[in-house]
Amino acid sequence: MVNHLSILGSTGSIGRQSLDAAAHLGIPVRAIAANSNTNLMEQQVRQFLPRLAAVYDEAAAKRLRLAVADTPTKVVCGMDGLIEAAAAPDTDCVVTAVSGSVGLRPTLAAIDCGKRIALANKETLVCAGALVMERVAQRGAEVIPVDSEHSAIFQSLGGRLRHPELKRILLTASGGPFRGMRREEVYDKTPAQAVAHPNWNMGAKISVDSATMMNKGLELIEAMHLFGVSPDRISVLIHPQSVVHSGVEFCDGSVVVQMAVPNMGLPIQYAMTYPDRAPSLCEPLDLFSSGDLRFERPELANIPCLALAITAAQRGGTAPCILSAANEAAVALFLAEKIPFGKICECVAETLESIHIIDAPSLGDILEADRAAREYVKGLV
Ligand code: NDP
Ligand code: MG
């Protein structure tokens, strides 16, 4: 079990559940970070008494500084503040739960300090997977996946990221709120319809990604890097019940999967207690009342975002970064009701076709591809 935590994205869905897990397990939280939700951050400061609170937005940081002036918590801001929270010398584990590629630089900073990364922020690995995993190996840091599928794969491999007898990864997907619908049927779906996920309660961006199934595409790329496999060794299975959270097939034909109720509290807690386990706040799984467990092949013609992500995964270089950044920008436009649901995928496809892809990118190339992709999507609307 880890000793002291830093939680980046503490006001979000994963961040709040991470604080609950920390309180439940009795692990002190030394640093928190978020973008601008200072009301909630103030409550968190008073409850958890972290040494450091990083607020990305400068004006919001000023607000928080005033609000918690009577506490010993130091308030910092901007990217430097996020990096300070990630690299805090008094923590041994950083939960990276900010949404979007803004998580990349703080994650690298934590890796450079050799910490355990409880990795929720999938955009980090999608954009810079090769670079991040190489840095993890160099610095003796540790990545424990928080994303439920990757935690399930990690657990199925016996708590390992690499396994010489691994043949294939079985990546399950609920199919989201529009499962089984045709492309034309979903084109004009609204943000409220898109964020209404049948099984999971998550932040807005990832909920939209679940509706387009871009989320599964991002997870496929995340899995490639975490477990060191090529995209053709990852099978996506639609599993509407969300009871099997993913698994693996070994070279002898044995299939091992992890099952539990759909509750992120479990993988979050496991990333903190690994290699041990501890009683959790989650309901136990009752297989007698889970109903029939079904597995279907995804129909890529009706899931264009997943198809695009697979193509970007095969292409490599900066293609996944361009895919992820364009998707982030397009989802923000969709949530602001500036483009229809079906346009998200069109924006991503056009951006991928237009921006030059660089092989074996440096961090600079990745940050530039990210910027260029966002800029390109803005220009499309
Ligand atoms: P939310 O939208 O609920 O929360 C996002 C968090 O990131 C908030 O704390 C937000 O702060 C913070 N944030 C956003 N931008 C910045 C910034 N520029 N600087 C600092 N903090 C920032 O997201 P989720 O919790 O749903 O997801 C977080 C990450 O975890 C994502 O990468 C997602 O893909 C991944 N994930 C989430 C799952 C889930 O069940 N929710 C499952 C698996 C993975 P503020 O509130 O101030 O805006
Ligand atoms: Mg997931």
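Remember, it's 1-based here, ligands and their atoms both numbered in the order they're listed.
Atom numbering of ligand 1 starts at 1 in the shown order; those under 4.0 Å from a heavy atom of Val102 are 17 (C), 18 (N). Taking every non-hydrogen atom of Asn37 and a distance limit under 4.0 Å, the qualifying atoms of ligand 1 come out as 46 (O), 47 (O). Every atom of ligand 1 with a heavy atom of Leu82 under 4.0 Å away is listed here by number and element: 19 (N), 20 (C).
Among Ser151, Ser10, Gly12, Gly9, the residue whose heavy atom lies closest to atom 4 (O) of ligand 1 is Gly12. Closest to atom 36 (N) of ligand 1 by heavy atom, among Asn201, Ile268, Ile206, is Ile206.
The existence of a salt bridge linking Asp20 and Arg16 is excluded, since no basic side-chain nitrogen approaches an acidic carboxylate oxygen closer than 4.0 Å. Glu149 and Lys122 are not joined by a salt bridge, as no carboxylate oxygen comes within less than 4.0 angstrom of a charged side-chain nitrogen. A salt bridge between Arg116 and Asp92 is absent, with no side-chain N of the basic residue lying under 4.0 Å from a carboxylate O of the acidic one. Salt bridge absent: Asp57 and Lys62 never bring a charged side-chain N and a carboxylate O closer than 4.0 Å.
Of all the heavy atoms of Lys205, none lies under 4.0 Å from any atom of ligand 1, so neither backbone nor side chain is involved. The residue Leu40 has no part lying near ligand 1, judged by heavy-atom distances below 4.0 Å.
Considering only heavy atoms from C-beta on, Leu266 stays 4.5 Å or farther from His245 through its side chain. Using a 4.5 Å heavy-atom threshold, the side chains of Leu237 and Arg294 count as separate.
When the Mg ion (ligand 2) is compared with the N/O/S atoms of Glu219, atom OE2 turns out nearest. With respect to the Mg ion (ligand 2), Glu149 has OE1 as its nearest N, O or S atom. Counting just the N/O/S atoms of Asp147, the one with the shortest distance to the Mg ion (ligand 2) is named OD1.
Side-chain atoms of Tyr274 come within 3.5 Å of backbone atoms of Gly159 as a donor-acceptor pair (strictly under, hydrogens ignored). Between the Arg30 side chain and the Thr91 main chain, no donor and acceptor come within less than 3.5 Å of each other. The main-chain N or O of Pro50 is found under 3.5 Å from a side-chain atom of Thr73 such that the two form a donor-acceptor pair. For the pair Thr11 (side chain) and Ala34 (backbone), a donor-acceptor distance under 3.5 Å is absent. Panel note: side chain Glu123, backbone Ser324; no donor-acceptor pair is recorded below 3.5 Å. Side-chain N or O atoms of Thr318 include one that pairs as donor or acceptor with a backbone N or O of Ile358 at under 3.5 Å.
Ligand 1 does not have Ala33 within reach: every non-hydrogen atom of the residue lies 4.0 Å or more from it. Heavy-atom separations between Lys122 and ligand 1 include at least one value shorter than 4.0 Å.
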Can Gln155 and Ser151 be said to form a side chain to side chain donor-acceptor pair (under 3.5 Å), step by step?
-> CA-CA 6 Å; Gln155 293 180 57; Ser151 177; 2.9 Å; yes
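A continuous path of ILVMFWY side-chain contacts below 4.5 Å connects Leu166 to Leu226, so both sit in one hydrophobic cluster.
Considering backbone and side-chain N/O of Asp147, none are found under 3.5 Å from N/O of ligand 1. Taking distance alone, with nitrogen or oxygen atoms compared against 3.5 Å, Met202 stays at or beyond that limit from ligand 1. An N or O contact shorter than 3.5 Å links Asn35 to ligand 1 by distance. Residue contacts with ligand 1: Ser36 is placed with a nitrogen or oxygen under 3.5 Å of a nitrogen or oxygen of the ligand (distance criterion only). Any N or O atom pair closer than 3.5 Å counts here, and Ser13 shares at least one such pair with ligand 1.
In this structure, the protein non-hydrogen atom closest to atom 8 (C) of ligand 1 is Thr11 OG1, 3.4 Å. For atom 2 (O) of ligand 1, the nearest protein heavy atom (residue, atom name, distance) is Gly203 CA, 4.0 Å. Of the protein's heavy atoms, Ser99 OG, 3.7 Å lies nearest to atom 5 (C) of ligand 1. Atom 18 (N) of ligand 1 has its closest protein heavy atom at Tyr56 CD2, 3.4 Å. For atom 28 (C) of ligand 1, the nearest protein heavy atom (residue, atom name, distance) is Ala97 O, 3.3 Å. The shortest contact between atom 25 (O) of ligand 1 and any protein heavy atom is with Ile14 N, 2.9 Å. Atom 29 (C) of ligand 1 has as its closest protein heavy atom Val98 O, 3.4 Å. Scanning the protein heavy atoms around atom 35 (C) of ligand 1, the nearest turns out to be Ala120 O, 3.2 Å.
Checking Ser174 against Asn199 by side-chain atom types alone, no donor-acceptor pair falls below 3.5 Å.
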